[in-house]
Amino acid sequence: MPIADKVAAANQLNEFLKGIIRYGGFQLKYRITVDPVLEDNSDWDPPEILVEFAGPDSAVLLPFHRGGIE
């Protein structure tokens, strides 16, 4: 199901993540991209909104291995 207002959704996601990271004490940075350009991967539909995490606590996020959760 397409997201009607992707920019508004990305802004809400940003506010949510800021609170989780600040009050959770995580050492994370993130980047939110609307309609990201990704290399072609026909196994799945491209995301409408992509969040990329980096930082010392990024290892505590769900680990992905070869496109699937370990």
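Bear in mind that the values here come from a model prediction, so they are computed numbers and not experimental data.
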Separation between [atom1] of [X] and [atom2] of [Y], rounded to the nearest 0.5 Å:
X	Y	atom1	atom2	value
K6	I32	NZ	CD1	15.0 Å
L28	L17	CG	CG	9.0 Å
I49	D35	CD1	CG	8.5 Å

Test item: [X] and [Y] side chains (from C-beta on) under 4.5 Å apart, heavy atoms:
X	Y	value
K18	Y30	yes
T33	E52	yes
P36	P46	no

#### Entry: K29 NZ: over 12 foreign heavy atoms closer than 6.0 Å
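12 or below, so no.
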
### Task
Evaluate whether atom CZ of F53 has more than 12 neighbouring non-hydrogen atoms of other residues, nucleotides or ligands under 6.0 angstrom away.
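Atom CZ in F53 is crowded, with more than 12 foreign heavy atoms closer than 6.0 Å.
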
### Task
Flag yes if I3 and F16 sit in one hydrophobic cluster, no otherwise; membership is Ile, Leu, Val, Met, Phe, Trp, Tyr, and two members link when side-chain heavy atoms are under 4.5 Å apart.
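Cluster IDs for I3 and F16 match.
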
State, to 0.1 Å, how close [X] and [Y] come at their nearest heavy-atom pair, and which atoms those are.
X	Y	result
E48	P2	OE2-CA, 3.4 Å
A10	V34	CB-CG2, 3.8 Å
D57	G25	OD2-O, 4.1 Å

